[in-house]
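Everything on this sheet refers to the single structure shown next.
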Amino acid sequence: MLDIRFIKENIEAVRQNIADRYMKADADLAVSLHDTRNRLIRELEDARRRRNENAQAMKQPMEKAEREARIEEGRRLKETIAELEASLAATEARLNEELLKIPNMAHPDAPRGKEDKDNLEIKRCGEPTRFDFQPRDHVELGQLLDIIDFDTATRVSGTKFYYLKNEGVLLELALVRYALDHLMRRGFVPMITPDIAKTEILEGIGFNPRGAESNVYTLEGEGTCLIGTAEITLGGYHADSVLDASVLPLRYAGVSHCFRREAGAAGQFSKGLYRVHQFTKVEMFVYCQPEDSEKLHEELRLIEEEIFSGLGIPFRVVDTCTGDLGAPAYRKWDLEAWMPGRNGGEWGEITSTSNCTDYQARRLNVRYRDAEGKNRHVHMLNGTAIACSRAIIAILENFQQADGSVNIPPALVPYCGFDHIRPRV
RNA sequence: GGAGCGGUGUCCGAGUGGUUUAAGGAGACGGUCUUGAAAACCGCUGUACCGCAAGGUACCGGGGGUUCGAAUCCCCCCUGCUCCGCCA
C-alpha cells in the first residue's frame, strides 16, 4: 500500500494515478478516515493519560472518601477508553480497507492505456518461426510425443490439469535447472519454497485471497492458501524485519509450484498448457535500497532476455500499460514468446517482471537501516525466470519438425540428456 | 495428535497485582585517563504512532478478559524444547 502521508501530500497525483490505472479507489475517503483516526487517537491517548495518572495517585495512602472518588473516576475513564478504542478500531479497519484499494504509483514512462493491447512493444529478439509445413500446436505435439496427458488429468483432477510424461518430465526438470544455473551465476540464492502461505502474506504481496473473482485457492479453516507464485513466499521471507543495508541487494531464485483458480478463463486463448491450475516456476525476487530499484528492474528484464535468447525462442518485450499493471507494480515488463500454435501464430506471455517499489514492503513491514541509522522500507522486485508450462509450449511449437518430432534447444541438451523427442504414437 | 516445560529489550537474564521509571549483566556508542591501546571509571542505549512543539500513548510471543490499576491473574491461539504416538 501507499503511505497515507504521501497520499495526503500528493492527493492530486494519487487521484490521477487511480484514473490512469482504471481502478476503483477513493483517495479522498482514505484521507478523511485518516483524519478521523488521528482525532480519535488524540482523544484516546488523553483518556489513557488521565487513567494512568489516576492509578498512579492511588499508590499513595489517602482518605477513604478520596479513594472511593478515585475508583469511581477510574471506572468512568475505563468506559470512555473502551468506547474510544472501539471507534478507533472500526475507523482503522475502514481506513485499511480503503488503502488496500489504492494502487501503487505508476512509473512516469509507463505507457498510459487500459488493456493489454495498449502495451508497448519495445524490443524484439528473433522473428516469428517459419515452417515449410503446417505446424501443430503443443496440445497435438504433446499427445503425439506422449509427453503431456490432458485427458487423464481432466478425469483425475479436473480441467486445466495435465500429466507430464516421459521426456516431458525431463524437459521440465531441465528448464528448472537451466534457469537456476543461470541465476546462481548472477548471485541469486536458490530456494525451494513452501507451496502454501498465510493469508496475510498474500495480502501483503498484493493478492486478494477472497471473493469470487480471486485467482487464489484458499485452504479451508487454515488461514492459508496455495501460492500462485513463489513471489509470495520469497516476499514473505523477510516480513517484519529490519535488514542491514550491507546485505542489499538480496537476490533469490525460488522454485515452487504455482496454483491458480483461473475461474471463468476458458476458450481458445487458454487451450492446453497456456492457462492451467498448476505449474512449476522459477521466480526471481530482489530486495534492495530505493535508489537501486530501477537499475535492478532492468537487470531482471535482461536476465529474462538472456534465458530465452539462450534457448533460441523468438520473443518480444512489452512495457505494460497503466491499466494492465496490477496494483502493486510501479512498472512492469513482459516477455512474450512466439507461439506458432496459438491462434495460428501469436505472441504469448512467458515472463513478467515488476518493480513494486515499497508498496509490498510497507504492508509486509520489510525495512533496512540506512546510513543515518533510520529504518526505511526496502524496494521489492520480482520476475519470472522460467514458467515451465509456457516455456514448454514455446519449445514444442517453435522447435517442431515436419514429422512431429521436436528438437531440444542446444542449451538444454546437457540438462535433458537427449537432443530430440520422437513421436511415440 | 497427546503430555510436560518455556517465550521478557540488541543478547543473556530477574521479576506472581500498585516504590518497575522493566533490576542486574553483556554488547554497542560517547567521554575521562593514555603516546596509542587495554583495563578502570562516568554517561548513554529500542520500535511505532499522535502532536507545530513541549510532550504524550502503546509495545514483556499474539489476541481477548478480570481490575480503579496487569509483564504479573483467567481464557483462546501461535511458537520453541523434551517425551509419547504416527509417518516419507
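Heavy atoms only: backbone and side chains are in, while hydrogens, waters and symmetry mates are out. Letters A, B, ... mirror the listed sequences (proteins, then strands); counts begin at 1. Source: prediction; values computed, not measured.
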Please report the distance, rounded to the nearest Å, between [atom1] in [X] and [atom2] in [N].
X     : N     : atom1 : atom2 : value
A:L40 : B:A58 : CG    : P     : 16 Å
A:E43 : B:C50 : CD    : P     : 15 Å
A:L44 : B:C59 : CG    : P     : 11 Å
A:R50 : B:U57 : CZ    : C1'   : 13 Å
A:E45 : B:G55 : CD    : C1'   : 11 Å
A:D46 : B:A58 : CG    : P     : 12 Å

P atoms of B:G6 and B:G65, separation to the nearest Å
26 Å
Using the P atom as the point on both nucleotides, what is the distance between B:U21 and B:C29, in whole Å?
31 Å
So, is [X] near the phosphate of [N], with a side-chain N or O under 4.0 Å from OP1 or OP2?
X     : N     : result
A:R37 : B:C50 : yes
A:N52 : B:G69 : no
A:N54 : B:G69 : no
A:R49 : B:C50 : no
A:R5  : B:C49 : yes

May I ask you to check whether A:Y359 and A:Y330 place their ring centers less than 6.0 Å from one another?
no
Suppose we call two aromatic rings close when their centres sit under 6.0 Å apart. Are A:H238 and A:Y287 close by that rule?
yes
Kindly determine whether A:N52 and A:R50 satisfy side chain to side chain donor-acceptor pair (under 3.5 Å), including the steps that lead there.
CA-CA 5 Å; A:N52 292 347; A:R50 281 182 281 136; over 6 Å; no
What residues, two or more places apart in sequence or in another chain, satisfy side-chain hydrogen bond (donor to acceptor under 3.5 Å, both in side chains) together with A:R362?
A:D358
From the set [options], return the single nucleotide nearest to any side-chain atom of [X].
X      : options             : result
A:R51  : B:A58, B:A48, B:U67 : B:A58
A:R369 : B:U47, B:U67, B:U57 : B:U47
A:H34  : B:C50, B:C68, B:A48 : B:C50
A:N375 : B:U47, B:G69, B:G51 : B:U47
A:I41  : B:U67, B:C49, B:G51 : B:C49

May I ask you to establish whether A:R390 and A:F279 are in a cation-pi arrangement, using a distance under 6.0 Å from NZ or CZ to the six-membered ring centre and at most 45° from the ring axis?
no
Pair assignment for [N], Watson-Crick or G-U wobble, requiring both distances under 3.5 Å:
N     : value
B:A39 : none
B:C59 : B:G46
B:C81 : B:G4
B:U34 : none

Pick the nucleotide of RNA chain B nearest each of A:R48 and A:R367; which residue has the one closer to the 5' end?
A:R367
Give one of base, sugar-phosphate or nothing for A:R70, where a contact means two heavy atoms less than 4.0 Å apart.
nothing
Is it true that A:E306 and A:R186 make a salt bridge, defined as a side-chain N closer than 4.0 Å to a carboxylate O?
yes
